[in-house]
Structures are given as structure tokens and as C-alpha cells.
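This report refers to the structure that appears directly beneath it.
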Protein chains: 2
Amino acid sequence: MVPYHKEESVPSDDTQSRTRRVDARRNEKTLLDAAARVFADQGIDAPVRQIAAEAGVGVGTVYRHFPQRSDLVIAVYRHQVDACVDLGERLLRRGSSPLAALEEWVDAFVDFLVTKHGLASVNGGQADEGGLHAYFLDHLVPVCERLLEAAREAGEISTDIGAYELMRGIGNLCLFGGDDTRYDARKLSHVLLAGVVSHRAADGE
Amino acid sequence: MVPYHKEESVPSDDTQSRTRRVDARRNEKTLLDAAARVFADQGIDAPVRQIAAEAGVGVGTVYRHFPQRSDLVIAVYRHQVDACVDLGERLLRRGSSPLAALEEWVDAFVDFLVTKHGLASVNGGQADEGGLHAYFLDHLVPVCERLLEAAREAGEISTDIGAYELMRGIGNLCLFGGDDTRYDARKLSHVLLAGVVSHRAADGE
DNA sequence: CGACAATACGGAACATGGTTCCGTATCACA
DNA sequence: TGTGATACGGAACCATGTTCCGTATTGTCG
């Protein structure tokens with residue numbers, strides 16, 4: 001309400017309101033590291049309590065830093081998603097075949113999802129949206145869109161599928177359970193992509 | 001250990017040991033109906049307690065008839081899976097293009113999964129195997145295998161993808177969350193199938 | 001330096017959902 | 001009708017995510 005008087009409103013996007021307590025900052029890092037470790041050898045379904053224990057903090061602290069479990073997962077893998085975005089942009093600049101670029105990019109993305117077991121299943125809100133979390137989608141869809149568009153302009157693709165739909169589809173394909181040797185998400189994603197190349201949109205689609 | 005003495009071992013596959021109590025049989029039917037109703041308007045994630053309540057029985061009764069939650073789901077949709085198997089066989093007998101048959105069959109399957117919201121995500125064991133349940137897979141894979149084989153023999157398909165993998169892939173594609181209008185599982189399954197038709201297996205695959 | 005308020009912490013407690021247990025009620029059969 | 005087998009009900013248990021709140025730590029100001 002009071003318009004002047006101590007500048008602290010309008011948090012906009014400044015990283016921290018002001019000197020965040022050192023213990024807080026330390027704990028956040030500790031948590032991120034602990035979570036990365038736990039996720040690595042127990043999968044992203046590891047219980048929050050366990051991560052808290054690994055970090056040597058209480059669950060309350062986890063939730064102070066990451067309001068929802070999924071926020072922690074996102075935070076842990078954020079940089080990998082960013083790397084994927086970068087890769088996409090680099091591939092775009094590279095002059096070669098847009099389709100080849102798209103294929104390479106999808107491969108990298110699938111690899112990322114498959115590597116961390118079960119990463120693809122991080123839920124955003126409730127049990128509502130299965131599949132990729134909004135953060136991933138928000139960042140990856142634009143890149144995918146451009147790759148797709150480039151390939152389309154080059155006449156290498158005929159399907160009118162959207163980037164969002166493709167991302168979700170791939171994310172879902174990477175959603176496997178167990179270490180089933182009979183199912184290879186990478187292979188399926190290749191097949192899907194082959195379909196994107198050759199599929200002619202039918203009437204209702 | 002004792003080899004004789006009352007015949008009751010070797011349960012093999014006889015439907016019921018002897019006259020099953022009428023209340024038991026009645027409750028099973030009641031449960032199946034209640035579950036179908038609850039699943040229909042709350043999705044297959046509805047709590048067991050709720051189904052028990054709808055059926056007017058205790059949870060213990062639910063678990064007596066269906067040892068695991070997923071068994072109940074399976075039981076509710078078993079006949080639809082069977083119908084899908086039948087359809088496959090009918091399509092096989094029909095003389096037309098094997099590929100067309102496969103496409104029609106996949107469509108029917110996808111429709112089945114999409115219609116019941118979230119059906120595709122019934123877990124078998126723990127959180128191990130996401131996607132289709134073993135029962136579904138066990139029954140559908142053989143049919144799919146034959147359809148696929150027929151199409152391959154007719155030279156309409158080049159990919160060496162297996163029926164199991166295809167079923168799982170399609171199941172995963174149907175695994176969506178929310179009623180996202182931007183994602184159409186049917187369309188994605190068509191694209192995947194188009195990929196099956198055109199995709200040439202590369203080196204490592 | 002010492003007090004105070006803001007910030008952060010820990011972990012018990014709550015909510016939800018699957019599953020198990022066991023005392024009691026009901027049924028089949030003699 | 002008596003009796004053992006079968007089935008039932010639902011409290012209780014376990015696991016998980018998440019919230020709450022009393023206590024501890026930290027930064028700042030007098």
C-alpha cells in the first residue's frame with residue numbers, strides 16, 4: 001500500500017530480496033547436491049524424507065526451499081534442460097539439414113530422459129498432468145518448434161504436428177517402468193520421428 | 001507332504017473349489033458394477049475406499065475378491081480387452097490389406113485407452129512397470145504380433161519393431177494427463193504407426 | 001556488544017491412499 | 001439345527017507428500 005518507505009516491494013525477478021541468510025543459502029546447495037545423489041541411485045521417486053536425511057536437514061527445510069517435491073526435481077535438472085535448449089540453438093545455427101538437426105536434438109533429449117530413470121514422469125500439479133513437467137515443456141517447446149519449422153520449410157517434413165505435441169509424445173515414450181530390456185525408448189522415438197517425416201495428415205487431424 | 005488324505009491340493013485351474021457362497025458371488029458382481037461406475041466418473045485413480053463405499057462393502061471385501069487394486073481395474077475392463085483381441089482376429093481373417101487391418105486395430109485399441117481416462121496407467125506390481133498392465137499386454141501382444149507379421153509379409157512394413165514394444169509405445173502415448181486439448185493421443189499413435197511403416201532400422205537397432 | 005525482529009530450522013502431526021489383520025457374521029452341508 | 005468353512009467389516013498399519021509451529025540462528029541497529 002504505502003508507495004515509498006523502504007524499497008522492497010516489486011520482487012520482480014531479482015534473485016534474492018536481500019542478503020539471504022547464509023545457512024539458508026548453504027542448505028539449498030546441500031539439498032540440491034543430496035537430491036542429485038539420491039535421485040541418481042534411487043530414481044526420481046525417492047521419498048522426500050530420504051533426501052532430507054541425506055542432506056542432514058529436516059523435511060520442513062526441504063519444503064521451505066522447494067514448495068513442492070517436483071520443484072526440487074526441476075531444480076536438480078534445470079541445467080541439463082538448459083543445455084538441451086542450447087544444443088538446439090547451436091544445431092539451428094549449424095547449416096546442415098534441418099531434419100538431421102531435429103533428429104540429433106531429439107536423440108539428445110531422449111538420452112537425457114532415459115538416463116535419469118523415470119525423469120519423464122515428474123508431475124507438475126496434482127496427478128493431473130502426467131509426463132513432462134511444465135518447466136521442461138516451457139523451455140523445450142520453443143526450440144523444438146523452430147527445429148520443426150526449419151525442417152518443414154526445407155520440405156523435409158510433411159506432418160503438421162506441433163512442437164508441444166511432439167515433446168509430450170516423446171516424453172511419454174520415455175516413460176517406461178522397470179528396466180525392461182524389451183522396451184527401448186530411443187528406438188520408439190526414432191520410429192515416431194520417422195512418422196513425423198512421412199505421415200500425411202488425414203482428414204480430421 | 002501327505003500324499004492322500006482329502007482331495008484339495010493341486011488347485012490347477014478349476015474355477016471354484018466348490019459351491020462358492022452366494023454372498024461372495026453377489027458381492028463380486030456388486031463390486032465390479034460399483035467400480036465400473038466409480039471409474040467412469042472419477043477416473044481409474046479413484047481410491048479403493050470409495051469403490052468399497054459405492055458398493056456398500058468394507059475394504060476387506062474388496063481385497064478378498066481382488067488382491068490388488070489393479071486386479072479390480074483389470075477385471076472391470078477385461079471384456080473390452082477381449083473384444084479387442086476378437087477384433088484383431090476378425091481383421092486378420094478379413095482378406096484386405098494387412099496394414100489397413102493393423103491401423104484399424106490400433107485405432108480401436110487407442111480409443112479404448114483414451115475413452116477411460118487414465119486407463120493406460122494401471123500399474124501391475126509396484127511403481128515398477130508404468131504403462132499397460134501385464135494382463136493387457138499378455139492378451140494383446142500375440143494379436144498385434146500376427147497383424148504386424150502379416151503386414152510385414154505383405155511387404156507393407158519394413159521396420160523390425162516387435163509387437164511388445166509397439167504395444168507399450170502406444171500405451172505410453174495414450175498416457176496423458178488432464179484434458180489437455182493440445183495433446184491428441186490418437187494423432188500421435190497414427191504418427192507412430194506411420195513411422196513403423198516407413199522407418200528403416202538403422203545400425204544399432 | 002547486546003537486544004530484537006526476521007528468517008530458517010526440525011520434526012511431529014496431518015492427509016491420503018494402498019494393504020493387512022482379525023474378531024464376528026453368514027453360509028453350506030450334514 | 002449344529003458346526004466348520006468362508007466371507008465380511010473396518011480398524012489399524014505403512015508409506016508419502018505436505019503443513020504447522022515452537023525453537024534456533026542470523027543480521028542489524030542502538
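All heavy atoms count here, side chains included; hydrogens, waters and symmetry mates do not. Residue numbers begin at 1 in each chain, while the letters A, B, ... track the order of the sequences. Small disclaimer: the values here were computed from a predicted structure and weren't measured.
Comparing D/dT26, C/dG17, C/dA8 by their closest approach to the side chain of A/Arg26 singles out D/dT26. With D/dT26, C/dG10, C/dA8 as the candidates, the nucleotide lying closest to the side chain of A/Ala24 is C/dA8. Side-chain atoms of A/Val57 lie closest to C/dG10 of the nucleotides D/dG17, C/dC29, C/dG10. Side-chain proximity of B/Gln68 to C/dC27, C/dA8, C/dT19: nearest is C/dT19.
B/His65 has its NE2 atom 16 Å from the C1' atom of C/dT19, to the nearest Å. Atom CG of A/Asp71 and atom C1' of D/dG17 are 13 Å apart (whole Å). Distance A/Asp23 CG to D/dT26 C1': 7 Å, rounded to the nearest Å. Rounded to a whole Å, the CG atom of B/Leu31 is 12 Å from the C1' atom of D/dA7. Nucleotide C/dT16 holds its P atom 16 Å from the CZ atom of B/Arg69, rounded to whole Å. As a whole-Å value, the separation of A/Arg49 CZ from C/dA12 P is 10 Å. Per the geometry, CZ belonging to B/Arg25 stands 13 Å off P belonging to C/dC27, to the nearest Å. Whole-Å rounding puts the B/Tyr63 OH to C/dC22 C1' distance at 17 Å.
Between B/Leu188 and A/Leu192, the closest side-chain pair of non-hydrogen atoms falls below 4.5 Å. Using a 4.5 Å heavy-atom cutoff, the side chains of B/Arg20 and B/Glu28 are in contact. Contact check for A/Leu102 versus A/Ile157: side-chain heavy atoms found under the 4.5 Å cut-off.
Where A/Val59 and B/Gly58 each meet DNA chain D at their nearest nucleotide, the meeting point lying more 5' is that of B/Gly58. When each of B/Val48 and A/Asn27 is assigned the nucleotide of DNA chain C with its nearest heavy atom, A/Asn27 is the one assigned upstream, toward the 5' end. Mapping B/Gly60 and B/Val22 onto DNA chain C via the closest heavy atom, the residue that lands nearer the 5' end is B/Gly60.
Ion pairing of B/Asp41 with B/Arg37 is absent here, as no side-chain N (NZ or NE/NH1/NH2) approaches a carboxylate O to less than 4.0 Å. Salt-bridge check for A/Arg186 with A/Asp111: passed, with a basic side-chain N closer than 4.0 Å to an acidic carboxylate O.
A close approach under 4.0 Å does not occur between any side-chain nitrogen or oxygen of A/Thr61 and OP1 or OP2 of C/dA8. Neither OP1 nor OP2 of D/dG17 sits under 4.0 Å from any side-chain N or O of A/Ser70.
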